[in-house]
*Asks:* 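Before I ask anything, here is the structure I am working with.
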There are 2 protein chains.
Amino acid sequence: MVLDRIDYALLRLLRKNARLPNKDLAAKTGIAPSTALERVRRMREARVLLGYHAEIAPAAIGIGLQAMVSVRLAKHSRALVDCFHRHLLDLSEVLACYHVAGADDFLVHVGVRDSDHLRDFALAAFTEREEVAHIETRLIFEFQRNVELPPWPGGD
Amino acid sequence: MVLDRIDYALLRLLRKNARLPNKDLAAKTGIAPSTALERVRRMREARVLLGYHAEIAPAAIGIGLQAMVSVRLAKHSRALVDCFHRHLLDLSEVLACYHVAGADDFLVHVGVRDSDHLRDFALAAFTEREEVAHIETRLIFEFQRNVELPPWPGGD
DNA sequence: AGTGAAATGATAATCAT
DNA sequence: ATGATTATCATTTCACT
């Protein structure tokens with residue numbers, strides 16, 4: 001699917017505020033509400049718009065501590081990597097995971113109650129697993145997401 | 001602000017789908033629509049609910065490559081760290097940044113067009129800056145966010 | 001095919017209880 | 001916390017470009 005300037009503007013608005021009413025979306029991009037609706041619907045169907053998610057204050061849901069855990073696997077067969085990847089996504093402490101190139105295979109963003117929880121979790125989810133060769137845990141002081149879209153690349 | 005089981009259920013639903021209509025929120029949590037509205041409003045005011053953001057397919061907005069850049073600063077005065085942090089958030093290539101404890105000071109999740117763009121960006125935004133002592137770039141094969149909330153901690 | 005204006009039905013917000 | 005009321009919004013239809 002090829003996007004034009006207006007589609008991009010819609011994406012930018014929804015990225016910043018996913019609950020912006022359709023008529024506002026239309027007004028801010030200079031198109032009719034029905035057109036805005038249609039364009040957003042098409043972008044959802046084309047999987048350009050993947051979903052809408054609330055951002056929640058970690059402390060409010062019992063996350064007192066965040067960490068980035070670097071994980072190195074012992075072997076790197078496709079099956080083993082995929083299996084570990086699935087394992088990660090099943091853990092409620094895992095906020096996000098990055099499968100990366102380099103000495104470490106995964107960077108895992110975790111949210112836990114406190115340092116006791118972190119220790120228990122790191123042991124159970126990583127250290128005690130056979131396929132894990134090495135982990136390194138970094139405390140996260142602050143985490144911030146950028147909700148701005150890059151400038152329109154041009155090319156219409 | 002103290003949350004109960006129902007507030008938590010509302011958060012879980014909004015985390016998964018921030019555009020879920022209020023009446024559906026109410027039905028799925030077993031409360032009246034007006035009550036659901038009131039609870040969500042209160043959680044927004046209390047900054048438990050920080051915002052709603054669309055998730056967009058990177059490829060659709062010209063992001064062909066993602067990387068995690070570890071940045072080590074030369075000095076660590078508060079002013080310098082804050083200044084660099086603000087610098088990061090101004091860059092449209094920065095998707096997220098983690099200020100961490102350890103040898104490296106920041107982990108920066110970046111999204112770029114291609115490897116040329118990555119090289120140019122890494123030079124301009126990191127290497128050429130005086131306060132940056134060292135960077136290390138890891139290619140991201142896959143990135144996945146967990147949109148499930150941890151189980152209700154109990155304690156009502 | 002895509003857009004825009006108007007009409008309809010659904011939803012959100014308000015208020016009194 | 002709820003249910004009735006009012007206001008706002010999403011969605012469809014259709015004429016137009």
Side-chain angles (χ1 to χ4, degrees), chain A residues 1-57 59-62 147-156, chain B residues 1-57 59-62 147 149 151-156:
Chain A
M1 179 184 183
V2 51
L3 305 179
D4 64 13
R5 218 183 287 94
I6 292 174
D7 292 320
Y8 203 82
L10 292 170
L11 289 179
R12 173 174 288 121
L13 290 166
L14 287 171
R15 173 81 185 150
K16 220 170 189 169
N17 178 13
R19 299 207 86 166
L20 196 68
N22 182 67
K23 65 155 202 164
D24 293 5
L25 235 42
K28 295 201 183 207
T29 54
I31 59 178
S34 58
T35 309
L37 211 60
E38 164 71 4
R39 281 174 178 259
V40 171
R41 195 185 56 74
R42 285 187 56 195
M43 289 196 286
R44 284 233 61 170
E45 279 178 2
R47 310 273 170 164
V48 166
L49 267 167
L50 300 173
Y52 307 103
H53 304 290
E55 191 189 349
I56 298 165
I61 53 173
V147 295
E148 300 288 339
L149 248 55
W152 168 242
D156 286 11
Chain B
M1 179 185 185
V2 51
L3 305 179
D4 65 13
R5 217 182 288 94
I6 291 173
D7 291 320
Y8 203 83
L10 291 170
L11 290 179
R12 172 173 287 121
L13 290 166
L14 287 171
R15 173 81 185 150
K16 222 172 188 165
N17 178 11
R19 297 207 89 166
L20 196 68
N22 182 66
K23 65 156 203 166
D24 292 6
L25 281 175
K28 294 200 185 205
T29 53
I31 58 178
S34 56
T35 309
L37 210 60
E38 165 71 4
R39 281 175 178 259
V40 170
R41 195 184 55 77
R42 286 188 55 196
M43 289 196 286
R44 284 233 60 171
E45 279 178 2
R47 311 272 169 165
V48 167
L49 266 167
L50 299 174
Y52 308 103
H53 304 291
E55 191 188 349
I56 298 165
I61 54 173
V147 294
L149 249 54
W152 168 243
D156 288 10

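Values below: every heavy atom of this structure, side chains too, minus hydrogens, waters and symmetry copies. So that the names make sense, note that chain A is the first sequence line, chain B the second, and so on, each numbered from 1.
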*Asks:* Rounded to the nearest Å, what distance is computed from the CD1 atom of residue B:Ile31 to the P atom of nucleotide D:dT2?
*Replies:* 7 Å
*Asks:* Which part of the nucleic acid, if any, lies within reach of A:Arg41 when heavy atoms closer than 4.0 Å are counted: base, sugar-phosphate only, or nothing?
*Replies:* nothing
*Asks:* Side chain of A:Pro21: nearest nucleotide among D:dA10, C:dA5, D:dT2?
*Replies:* D:dA10
*Asks:* Just the rounded figure in Å: distance from C1' of C:dA5 to CG of A:Leu37.
*Replies:* 15 Å
*Asks:* Would you kindly compare A:Pro33 and A:Arg42 by the position of their nearest DNA chain C nucleotide and give the one closer to the 5′ end?
*Replies:* A:Arg42
*Asks:* What is the distance, rounded to the nearest whole Å, between atom CG of A:Asp24 and atom P of D:dC9?
*Replies:* 7 Å
*Asks:* Determine yes or no for a side-chain-to-main-chain donor-acceptor pair under 3.5 angstrom, with B:Arg44 supplying the side chain and B:Leu50 the backbone.
*Replies:* yes
*Asks:* Between the main-chain N or O of A:Ser34 and the side-chain N or O of A:Arg39, is there a donor-acceptor pair closer than 3.5 Å?
*Replies:* no
*Asks:* Can you tell which of C:dT14, C:dA12, D:dA1 lies closest to the side chain of B:Ser34?
*Replies:* C:dT14
*Asks:* To the nearest Å, give me how far apart CG (B:Leu20) and P (D:dA10) are.
*Replies:* 15 Å
*Asks:* Quick one, A:Arg41 with A:Glu38, criterion salt bridge (Lys or Arg N to Asp or Glu O under 4.0 Å). Give me CA distance, side-chain angles, the key distance, then yes/no.
*Replies:* CA-CA 5 Å; A:Arg41 195 185 56 74; A:Glu38 164 71 4; 3.0 Å; yes
*Asks:* Would you indicate which nucleotide in C:dA13, D:dA1, C:dG2 comes nearest to any side-chain atom of B:Thr35?
*Replies:* D:dA1
*Asks:* What integer distance in Å separates A:Arg19:CZ from C:dT11:P?
*Replies:* 13 Å
*Asks:* Figure out the CD/P separation between B:Glu38 and C:dT14, and round it to whole Å.
*Replies:* 10 Å
*Asks:* Let me know the distance between NZ of B:Lys23 and C1' of D:dA4, rounded to the nearest Å.
*Replies:* 17 Å
*Asks:* How many whole angstroms separate atom CG of B:Asn22 from atom P of C:dA10?
*Replies:* 17 Å
*Asks:* Please confirm whether the backbone N or O of A:Glu148 pairs with a side-chain atom of A:Arg15, one donor and one acceptor, at under 3.5 Å?
*Replies:* no
